[in-house]
Amino acid sequence: MKILITGFDAFGGEKINPASLILDRLPDKINGNKIEKLTIPTAFFRVADLIERKIVDLRPDIVISLGQAGGRSDITVERVAINIADASIADNDGKKPIDEKIRWDGENAYFSTLPIKALVENLRKNNIPASVSNSAGTFVCNFVMYNDLYFASKYKNISAGFIHVPYLPAQVIDKKGMASMSLDEMVRAVEIIIKTSADYKDKEDLKRAEGRIC
């Protein structure tokens with residue numbers, strides 16, 4: 001099985017992004033599955049074409065994208081991407097779309113086709129804090145998740161989804177009270193996510209409550 005993992009470069013004034021550092025630490029094979037890694041720019045109007053070209057070239061079975069969510073304390077498995085780009089800060093190209101559709105020919109929303117409940121359960125079983133998230137925001141993370149799922153629908157037989165990771169400890173030295181997670185722990189989490197996603201390919205996800213009241 002071929003698995004494409006993407007991770008963003010640094011953005012928003014940060015000098016590093018755990019998403020791209022995780023890629024550097026992942027092996028080229030996990031449980032016999034070929035791992036293809038792609039660092040992507042935090043840039044609305046460049047990133048989708050890069051991902052699509054990689055998908056066309058590689059024809060992966062699974063696409064998993066990683067992004068930083070500063071302020072979150074655990075590994076958050078995203079459930080849904082919405083067809084809107086609404087940026088409160090500029091991306092790395094200085095672009096700041098407001099209330100713009102991502103794809104005029106796309107659905108209003110796409111749901112992750114990764115086994116989101118199984119991912120959370122297996123992370124917790126391995127003592128890694130994890131939860132299902134019902135919002136990937138409206139910045140470039142949501143933009144990438146939406147495009148991943150759009151391309152998965154276009155090119156068929158691809159499972160796709162998005163994972164948010166916390167800050168690294170080095171990023172919170174001047175951010176009092178802000179949560180963080182070690183790079184080793186994040187790498188271990190992503191390896192579990194890859195293994196679980198491959199194991200559940202074309203299988204039904206677990207049925208268990210991970211919803212939120214508000």
Evaluation steps, salt bridge (charged side-chain N to carboxylate O under 4.0 Å, His left out), between Lys37 and Asp24
CA-CA 8 Å; Lys37 293 158 272 189; Asp24 294 338; over 6 Å; no

Ile82 vs Asn142, test: side chain to side chain contact (heavy atoms under 4.5 Å, CB included). Steps then yes/no.
CA-CA 7 Å; Ile82 59 174; Asn142 175 75; 3.8 Å; yes

Could you tell me whether [X] and [Y] have a side-chain N and a carboxylate O separated by less than 4.0 Å?
X      : Y      : value
Glu36  : Lys54  : yes
Arg124 : Glu210 : yes
Asp93  : Arg46  : yes
Arg25  : Glu185 : no

Separation of [Y] [atom2] from [X] [atom1] (nearest 0.5 Å):
X      : Y      : atom1 : atom2 : value
Thr39  : Leu23  : OG1   : CG    : 5.0 Å
Leu114 : Glu78  : CG    : CD    : 11.0 Å
Ser20  : Phe11  : OG    : CZ    : 11.0 Å
Ile55  : Leu50  : CD1   : CG    : 11.0 Å
Leu21  : Leu26  : CG    : CG    : 11.0 Å
Lys207 : Lys117 : NZ    : NZ    : 7.0 Å

Does any part of the side chain of [Y], heavy atoms only, come nearer than 4.5 Å to the side chain of [X], both counted from C-beta?
X      : Y      : answer
Val80  : Tyr110 : no
Asn108 : Lys101 : yes
Lys201 : Pro115 : no
Ile51  : Asn147 : no

Which pair of heavy atoms, one from [X] and one from [Y], lies closest together, and at what distance?
X      : Y      : answer
Phe139 : Asp91  : CZ-CA, 4.0 Å
Asn83  : Gly106 : ND2-O, 3.8 Å
Met181 : Pro169 : O-CD, 3.2 Å
Asn33  : Ile3   : CB-CD1, 3.9 Å
Met178 : Gly71  : SD-CA, 3.3 Å
Gly67  : Cys141 : CA-SG, 4.2 Å

Show the numbers, then the answer: is there a side chain to side chain contact (heavy atoms under 4.5 Å, CB included) between Val165 and Ile75?
CA-CA 5 Å; Val165 298; Ile75 303 294; 3.9 Å; yes

Is it true that the side chains of [X] and [Y] contain a donor and an acceptor less than 3.5 Å apart?
X      : Y      : result
Gln68  : Gln171 : yes
Thr6   : Ser65  : yes
Asp9   : Asn92  : yes
Ser131 : Asp74  : yes

Ignoring hydrogens and geometry, is there a side-chain-to-backbone donor-acceptor pair from [X] to [Y] under 3.5 Å?
X     : Y      : result
Asp86 : Thr138 : no
Lys2  : Leu58  : yes
Asn17 : Ala19  : yes
Thr76 : Val132 : no
Asp99 : Ala85  : no

Linking I/L/V/M/F/W/Y whenever any side-chain heavy atoms sit under 4.5 Å apart, do [X] and [Y] land together?
X      : Y      : answer
Val120 : Ile22  : yes
Met145 : Tyr150 : yes
Val47  : Ile89  : yes
Phe151 : Ile163 : no
Phe162 : Leu66  : no

Pairs flagged by salt bridge (charged side-chain N to carboxylate O under 4.0 Å, His left out) wherever residues 146-163 is involved - sequence neighbours left out:
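Listed by first then second residue: Glu52-Lys154.
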
Begin from the C-alpha positions of Lys29 and Ile35 and carry the test side chain to side chain contact (heavy atoms under 4.5 Å, CB included) through to its verdict.
CA-CA 5 Å; Lys29 281 194 174 182; Ile35 310 302; 5.6 Å; no

Could you pull out all donor-acceptor pairs under 3.5 Å where a side-chain atom in residues 189-198 meets a protein atom, sequence neighbours excluded?
unit_1	atom_1	unit_2	atom_2	d
Thr196	OG1	Asn122	ND2	3.0
Thr196	OG1	Ile192	O	2.8
Ser197	OG	Ile193	O	2.8

Worked verdict on Glu100 versus Ile84 for side chain to side chain contact (heavy atoms under 4.5 Å, CB included)
CA-CA 6 Å; Glu100 292 186 16; Ile84 198 76; 5.8 Å; no

Tyr167 six-ring face occupied by Lys175 cation (under 6.0 Å, within 45°)
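The answer is yes, since Lys175 meets both limits relative to Tyr167.
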
